[in-house]
Every structure is written in structure tokens, then in C-alpha cells.
There are 2 protein chains.
Amino acid sequence: MKKRNVDDWIDRYLSVSFLVIKRGAALVKVGLDEEMTHDQYYLLRYIRRRGTCTSTELSTVFGVNKSAVTAMTNRLVDKGWLRRDRDQNDRRVVALSLTPQGEEWVAETDRNVYRLVEEVIARFPEEEIEAFIRTYEKLARVLQEVEEAK
Amino acid sequence: MKKRNVDDWIDRYLSVSFLVIKRGAALVKVGLDEEMTHDQYYLLRYIRRRGTCTSTELSTVFGVNKSAVTAMTNRLVDKGWLRRDRDQNDRRVVALSLTPQGEEWVAETDRNVYRLVEEVIARFPEEEIEAFIRTYEKLARVLQEVEEAK
DNA sequence: ATTAATAGTTCAATAGTTGAACTAAATGGA
DNA sequence: TCCATTTAGTTCAACTATTGAACTATTAAT
């Protein structure tokens with residue numbers, strides 16, 4: 001791999017990723033209820049997928065400080081979307097899971113967001129979507145490996 | 001395109017994009033000086049690329065409120081990285097551009113960030129990188145079109 | 001000349017973040 | 001067993017980023 005190519009890719013990637021992050025957030029925001037933020041939606045989706053999880057897990061998975069997770073989950077608990085349950089085997093651990101209202105909000109938000117994202121996805125041929133998502137998923141794994149190695 | 005496929009892609013994309021955004025930010029953060037935040041780095045990169053630009057342009061390109069841009073540029077001006085110059089033809093307009101110190105900080109940050117990103121990019125075959133970035137750039141364009149249409 | 005629109009700022013409120021200091025509980029030698 | 005260490009999570013102060021409404025200043029339109 002030539003250094004010039006690599007630098008060019010990095011430049012293109014950095015330039016475009018910020019655009020996609022901001023514009024993607026702006027698009028998704030349209031589908032979010034006034035009450036729900038972008039980060040709250042993704043966090044609830046993650047917890048729903050896992051069924052139950054801990055602050056520490058969220059902190060390492062998303063690469064943020066544990067106190068940031070506490071702050072976020074506080075807001076979600078206050079809204080009645082998330083519950084905290086102390087683990088009886090290890091009483092230091094707190095299990096986070098969605099309340100029925102939380103499930104309901106995420107499901108409803110999913111319907112709105114999916115409708116918006118469909119519009120975007122329809123502009124790409126199937127093979128391109130499939131290949132792109134596969135690389136994106138691989139990127140998520142590599143990022144985790146690189147951070148764990150360090 | 002089958003509905004089941006589309007929903008599956010959307011689910012995979014939403015799930016993975018939040019991970020990549022957070023982990024990518026955590027990786028880049030290592031290369032940032034204590035003084036510089038993630039968003040400030042990208043904003044300075046964008047302005048450098050454009051040479052000069054306005055608040056309104058930043059606001060529409062990144063899909064955020066104009067007052068958010070004012071707040072960000074205030075912090076950058078305070079740090080001496082960005083300058084504001086009133087346009088003499090249309091005195092409502094303010095032209096934003098990097099100061100020499102701003103250029104210096106971005107260039108230095110680039111060197112640190114590129115070193116980190118190289119490590120990640122080296123794990124992918126060239127064709128995969130090229131295809132991925134091309135689709136990503138197309139995604140940025142489509143997102144802008146969709147938002148303009150609405 | 002008055003009204004509209006445009007560019008940008010200010011302000012209050014809120015979400016998200018860090019890092020240090022802290023509590024409580026579990027673990028691991030000596 | 002006891003004390004030190006580790007682990008899980010919270011609290012707090014300080015900061016960045018964001019929105020939306022109200023505002024100033026300037027230009028454009030009729």
C-alpha cells in the first residue's frame with residue numbers, strides 16, 4: 001500500500017464521515033419524538049438487543065466514561081424508559097433493562113426512523129448496500145480490536 | 001427490493017453506525033491535543049478545505065442550528081484558531097477562515113490522527129477501502145439531496 | 001419608503017462528556 | 001481472618017454542543 005493512497009483515503013474518510021454523522025443525525029432527528037434524543041434512541045436500541053446489560057459494558061462498547069453512562073441512564077430512568085435492578089449474586093452490579101414504556105417508545109421510534117431511512121437506502125443498488133454494510137460492520141470490529149490492543 | 005431485506009439493512013446500519021461513531025471518536029480523541037475537541041477538529045478541517053466560509057454554510061452543510069455554529073466558532077476564535085472578517089460587499093456576512101495558529105494546530109492534529117487511522121485502514125484490502133469510501137461519499141450526497149427535497 | 005428577507009448573535013435550557021473523588025461490595029493474599 | 005486491592009457504579013464541577021426564540025443589523029423588494 002502506497003503512503004499517498006493511504007493518506008488520501010484517510011483524508012476522504014475523515015471529511016465525509018463528519019458530514020454523514022451530522023446529516024444522518026439531522027435526518028433521524030425528524031423521526032424522533034420531541035422527548036427522545038439521538039443518543040437515547042441508540043442506547044435504548046442497544047439495551048433492547050442485549051436484553052439486559054451493565055454500565056461498564058455500555059462504557060466499553062461505546063468508548064465513553066462510566067460517569068457519562070450514569071448521566072445518560074439517569075435521564076432514561078427518570079423518563080420511565082429504563083429500569084435498574086441490583087444483581088443479587090454480585091451486589092455491586094446493576095442490570096439495566098427496558099421498561100414496557102421503553103419498549104413501546106423504541107418500537108414507535110423505529111417505525112418513524114425506518115420510514116425515513118428507507119428513502120435513502122432506496123437510492124442504492126442492493127449489492128452496494130450489502131457490501132457497504134459488511135465493511136462497516138467489519139470496521140466496528142476492527143476499531144474495537146485496535147482499542148483493546150492499546 | 002423486498003421489505004424484509006430493507007428492514008434488515010436499516011437495523012444493521014443503525015446498530016453499527018452508533019458503534020462506529022462512538023469508537024471512531026474514541027480513537028481520534030487519542031490523537032487530539034487536550035485543547036481540541038472532535039467537533040472542533042472536523043470543523044477546522046472543513047473550513048481549511050473551503051478556504052473561507054460563512055456560518056450559514058456551516059449550518060446547512062452540517063445540519064445544525066445557526067446558533068450552534070456561533071457557539072462553536074466563538075470558542076475557536078477565543079482560542080485564536082479562527083478569524084471573523086465582515087464582508088465589505090454585504091455587511092451582514094461574516095467570512096470565517098483559519099489563523100496561522102489554526103493552520104498549525106490542524107496540521108499537527110492531522111499527523112497524529114492519520115497515524116492512528118492508518119492502523120485501522122491497514123486491516124482492509126485496497127479494493128474494499130476504495131469501494132467503501134465511494135459508497136460513503138455517495139451516502140453523504142444522497143443525505144443532502146433528501147434533506148433539501150423536504 | 002416601508003416591508004420582507006437574510007446573516008448572524010444572544011440567551012436560557014438541556015444533553016452529553018471528562019476526570020477526580022467517592023461509596024459499596026467482592027477478592028486475594030499474608 | 002484481616003487488610004489491601006480491585007471492581008461497579010455514583011456524584012460533582014466544569015466544559016462542549018445543541019435547540020429555539022428573541023433580537024440587531026443589513027439588504028432586497030414592491
Side-chain angles (χ1 to χ4, degrees), chain A residues 18 21-30 32-44 46-47 52-79 81-97, chain B residues 18 21-30 32-44 46 52-79 81-96:
Chain A
F18 193 51
I21 288 170
K22 295 289 181 186
R23 288 185 193 157
L27 178 70
V28 167
K29 193 167 155 284
V30 177
L32 296 177
D33 192 277
E34 290 275 315
E35 292 288 306
M36 194 185 273
T37 71
H38 201 246
D39 282 15
Q40 288 172 355
Y41 173 51
Y42 288 121
L43 201 71
L44 289 176
Y46 181 84
I47 297 171
T52 212
C53 79
T54 67
S55 285
T56 303
E57 174 179 350
L58 293 174
S59 162
T60 54
V61 166
F62 297 125
V64 298
N65 200 298
K66 281 201 292 186
S67 56
V69 175
T70 299
M72 281 210 66
T73 51
N74 274 341
R75 285 183 287 266
L76 292 169
V77 169
D78 287 349
K79 285 185 173 161
W81 296 338
L82 201 62
R83 53 182 292 177
R84 287 192 171 95
D85 294 291
R86 272 241 124 74
D87 186 318
Q88 288 312 309
N89 291 8
D90 183 340
R91 295 175 39 69
R92 292 169 305 178
V93 176
V94 174
L96 300 166
S97 59
Chain B
F18 192 53
I21 289 170
K22 294 290 182 185
R23 287 185 194 158
L27 178 70
V28 166
K29 193 166 157 283
V30 177
L32 295 177
D33 192 278
E34 289 275 313
E35 292 288 305
M36 193 185 274
T37 71
H38 202 245
D39 282 16
Q40 288 172 355
Y41 172 51
Y42 288 119
L43 200 72
L44 290 176
Y46 181 84
T52 211
C53 79
T54 67
S55 285
T56 303
E57 175 179 351
L58 293 174
S59 163
T60 55
V61 166
F62 297 126
V64 298
N65 200 297
K66 281 201 292 187
S67 56
V69 175
T70 301
M72 280 210 66
T73 52
N74 274 341
R75 285 184 286 267
L76 292 168
V77 169
D78 288 349
K79 286 184 174 165
W81 295 338
L82 200 62
R83 52 181 293 175
R84 285 191 173 97
D85 295 291
R86 272 241 124 74
D87 186 321
Q88 288 313 307
N89 291 8
D90 183 341
R91 294 172 42 66
R92 292 169 302 178
V93 176
V94 174
L96 300 165

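Here is how names work: the chains are called A, B, and so on, in the same order as the sequence lines, proteins then strands, and each is numbered from 1.
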Heavy atom of residues 61-74 of chain B under 4.0 Å from DNA chain C: which residues? B:K66, B:S67, B:T70
Backbone N/O of A:V94 and side chain of A:R84: donor-acceptor pair under 3.5 Å: no
Is there a donor in the side chain of B:N65 and an acceptor in the side chain of B:S67, or the other way round, less than 3.5 Å apart? yes
Nearest-nucleotide wise, let me know which of A:R92 and A:Q40 is further upstream toward the 5' end of DNA chain C.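 This one resolves to A:Q40.
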Taking for each residue the nucleotide of DNA chain C bearing the nearest heavy atom, is the 5' side occupied by A:R91 or by B:E57?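 Of the two residues, B:E57 wins.
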So which nucleotide does D:dT27 pair with, by the Watson-Crick or G-U wobble rule with both distances under 3.5 Å?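 Paired with no nucleotide.
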Base-pairing assignment for C:dT14 (Watson-Crick or G-U wobble, both under 3.5 Å):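 Paired with C:dT14, as far as the under-3.5 Å criterion goes, is D:dA17.
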What is the distance, rounded to the nearest whole Å, between atom [atom1] of [X] and atom [atom2] of [N]?
X     : N      : atom1 : atom2 : value
B:L43 : D:dA17 : CG    : P     : 9 Å
A:D90 : D:dT7  : CG    : C1'   : 8 Å
B:Y41 : D:dA17 : OH    : P     : 15 Å
B:N89 : D:dT26 : CG    : P     : 15 Å
A:L32 : D:dT19 : CG    : P     : 12 Å
A:D33 : D:dT19 : CG    : C1'   : 16 Å
B:E35 : D:dA14 : CD    : P     : 18 Å
B:Q88 : D:dT26 : CD    : C1'   : 13 Å

Indicate whether OP1 or OP2 belonging to D:dA17 is found under 4.0 Å from a side-chain N or O atom of B:R75.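 The answer is yes; a side-chain N or O of B:R75 sits under 4.0 Å from OP1 or OP2.
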Give a yes/no answer on whether the side chain of A:K29 brings an N or O atom under 4.0 Å of OP1 or OP2 in D:dT18. no
At under 4.0 Å between heavy atoms, what does A:R84 touch on the DNA or RNA strands: base, sugar-phosphate, or nothing? sugar-phosphate
Any non-hydrogen side-chain atom of B:W81 less than 4.5 Å from a side-chain atom of B:T73?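 SC-SC contact between B:W81 and B:T73 ruled out.
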Taking C-beta and beyond as the side chain, do B:R86 and B:V93 meet within less than 4.5 Å on heavy atoms? no
When the ring planes of A:Y46 and A:F62 are compared, do they come out parallel, tilted or perpendicular, using 30° and 60° as the limits? perpendicular
Should A:R75 and A:D39 count as an ion pair when the cut-off is N to O under 4.0 Å? no
Mind running side-chain contact (heavy atoms from CB on, under 4.5 Å) on A:L43 and A:L58 for me, showing each step along the way? CA-CA 8 Å; A:L43 201 71; A:L58 293 174; 4.1 Å; yes
Anti or syn, where syn is a glycosidic angle within 90° of 0; which label fits C:dA26? anti
A:K66/A:T56 under side-chain contact (heavy atoms from CB on, under 4.5 Å): CA gap, chis, key distance, verdict: CA-CA 6 Å; A:K66 281 201 292 186; A:T56 303; 3.8 Å; yes
Provide the start and end nucleotides, 5' to 3', of the part of DNA chain C that has atoms under 4.0 Å from heavy atoms of chain A.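 It runs C:dA15 to C:dA26.
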Could you walk me through whether A:T52 and A:L96 pass side-chain contact (heavy atoms from CB on, under 4.5 Å), step by step? CA-CA 5 Å; A:T52 212; A:L96 300 166; 5.9 Å; no
Atom pair CZ (A:F18) and NE2 (B:H38), whose distance is rounded to the nearest 0.5 Å: 8.0 Å
